[in-house]
Amino acid sequence: MVIFINGKYIDKGDVRISPDDRGFLFGDGLYEVVLAYNGKPFRLEEHISRLKRGCEFAGIKLENADEIKEFCRSLIERNNLKENIANIYIQVTRGVYKRAHRFPPEGILPTVYIAAAEFSPNRVYQKYGIKVITVPDDRWDHCDIKTIDLLPNVLAHQKAFDQSGAEALFVNGGVLLEGTHSNFFTVMEGKVWTHPESNKILSGVTRRAVIEICNKLNIEIVEKAIEYIEISEIDEAFVSSTTLEITPVVNVDDIKIGNGRPGELTKLIQEKYQRMVNS
Ligand code: PLP
């Protein structure tokens with residue numbers, strides 16, 4: 001597999017990452033995941049804007065952010081992924097410098113790594129829905145920044161799997177926030193509800209696509225936090241993300257959602273999303 005690292009296209013097996021890389025030492029970096037459908041990256045512009053915003057927030061001087069779009073397209077070509085769904089992984093770290101908490105001096109360039117590989121969204125999950133669990137949200141207070149500092153997410157996700165779930169939803173102050181790698185939506189009273197954009201959740205590119213779909217379908221979207229105690233009143237639920245796309249949630253902490261099967265509105269949004277990504 002050909003990957004992109006710091007201006008070069010090379011075989012993945014030949015990549016050498018320094019142990020002094022800030023990503024390795026501190027998780028000091030940001031990432032994006034983009035899917036390309038039949039060679040066309042879906043909403044690449046939005047992913048790059050989020051990456052730029054994260055870099056600005058973190059003080060990482062990523063000068064060639066706009067060129068990343070070209071590098072992604074080139075990787076699709078070089079890895080013959082034009083006929084498939086490809087998962088493009090982009091990671092930027094603060095670069096390589098001897099270990100110290102303070103930032104490296106001017107002139108130390110960020111590490112930029114991009115890989116594209118064939119990917120298959122989980123259609124079984126999408127058809128039948130998944131079980132999820134909830135976990136206390138002990139992540140930091142800038143969940144709107146897509147950092148690679150993902151230990152709480154990794155631990156929560158593993159906990160879900162250990163309890164035969166497929167995603168964990170973070171709960172803070174009795175409020176349902178989002179998944180470890182997804183945004184969370186519910187359907188109640190015929191309306192679609194999701195947590196408002198804030199520092200408590202990542203503003204998902206897929207989340208925004210869902211809102212657009214609902215607007216087009218004249219389905220009312222309510223951007224309001226849902227309380228954990230309201231779970232039993234939920235008619236339908238789903239999670240959204242680049243890789244989960246639209247995946248129904250049919251069980252939360254062993255509480256059945258609706259009739260325990262993917263809901264009708266969820267299926268409609270799922271169908272429209274598939275049309276959107278393939279258009
Ligand atoms: N929330 C979190 C915590 C995530 O890590 C992700 C994606 O990885 C999302 C939401 C969904 O974001 P997107 O739709 O841009 O993939």
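Counting convention: from 1, in listed order, for ligands and their atoms alike.
Residue contact check: Gly204 has heavy atoms under 4.0 Å from atoms 12 (O), 13 (P), 14 (O), 15 (O) of ligand 1. Ligand-side atoms of ligand 1 in range of Gly179: 3 (C), range being under 4.0 angstrom from any heavy atom. The distance from ligand 1 to the heavy atoms of Thr180 drops below 4.0 Å at these ligand atoms: 3 (C), 5 (O). Within the listing of ligand 1, atoms 5 (O), 8 (O) sit less than 4.0 angstrom from a heavy atom of Tyr31. Set against the non-hydrogen atoms of Arg50, the atoms of ligand 1 under 4.0 Å away are 12 (O), 15 (O).
Put simply, CD1 on Ile201 and SG on Cys143 are 9.5 Å apart, with the number rounded to the nearest 0.5 Å. Interatomic distance, CD of Glu167 versus OH of Tyr125, reported as 10.0 Å (0.5 Å rounding).
Not a single N or O atom of Arg139, backbone or side chain, sits closer than 3.5 Å to an N or O atom of ligand 1. Between Ser241 and ligand 1, no pair of N/O atoms sits closer than 3.5 Å. For the pair Glu178 and ligand 1, the shortest N or O to N or O distance falls below 3.5 Å. Checked by distance only, ligand 1 and Asn183 stay at 3.5 Å or farther apart across all their nitrogen or oxygen atoms. In terms of N/O distances under 3.5 Å, ligand 1 is not approached by Ser203.
Under a cut-off of 6.0 angstrom, the local environment of CD1 in Ile229 is sparse, with at most 12 non-hydrogen atoms contributed by other residues, nucleotides or ligands. Residue-environment remark: CZ (Phe24) stays at or below the threshold of 12 foreign heavy atoms within 6.0 Å.
Under a 4.5 Å side-chain heavy-atom criterion applied to ILVMFWY residues, the cluster that includes Tyr128 comprises Val124 as well.
With a heavy-atom cut-off of 4.0 Å, Cys143 does not touch ligand 1 at all.
Under a 4.0 Å N-O distance rule, the pair Arg53/Asp144 qualifies as a salt bridge. We find that Glu264 and Lys267 are joined by a salt bridge, their nearest charged nitrogen and carboxylate oxygen being less than 4.0 Å apart.
Protein heavy atom in closest approach to atom 4 (C) of ligand 1: His181 CA, 3.4 Å. Atom 14 (O) of ligand 1 has its closest protein heavy atom at Thr206 OG1, 2.6 Å. The protein atom (non-hydrogen) at minimum distance from atom 8 (O) of ligand 1 is Lys146 NZ, 2.9 Å. Protein heavy atom in closest approach to atom 16 (O) of ligand 1: Thr242 OG1, 2.6 Å.
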Below 3.5 Å, can you tabulate the donor-acceptor pairs from side chains in residues 26-34 to any protein atom, sequence neighbours excluded?
residue	atom	partner	partner atom	Å
Asp28	OD1	Arg94	NE	3.2
Asp28	OD1	Arg94	NH2	3.0
Asp28	OD2	Arg22	NE	2.9
Asp28	OD2	Arg22	NH2	2.9
Asp28	OD2	Arg94	NE	2.7
Tyr31	OH	Lys146	NZ	3.2
Glu32	OE1	His47	ND1	2.7
Glu32	OE1	Arg50	NE	3.4
Glu32	OE1	Arg50	NH2	2.7
Glu32	OE2	Arg50	NE	2.8

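Each of Glu245, Glu212, Glu46, Glu223 was evaluated against Arg207; a single residue qualifies, Glu223, per the salt bridge (Lys or Arg N to Asp or Glu O under 4.0 Å) test.
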Salt bridge (Lys or Arg N to Asp or Glu O under 4.0 Å), that's the test. Do Glu178 and Lys200 meet it? Break it down for me. CA-CA 9 Å; Glu178 63 172 340; Lys200 296 290 181 199; over 6 Å; no
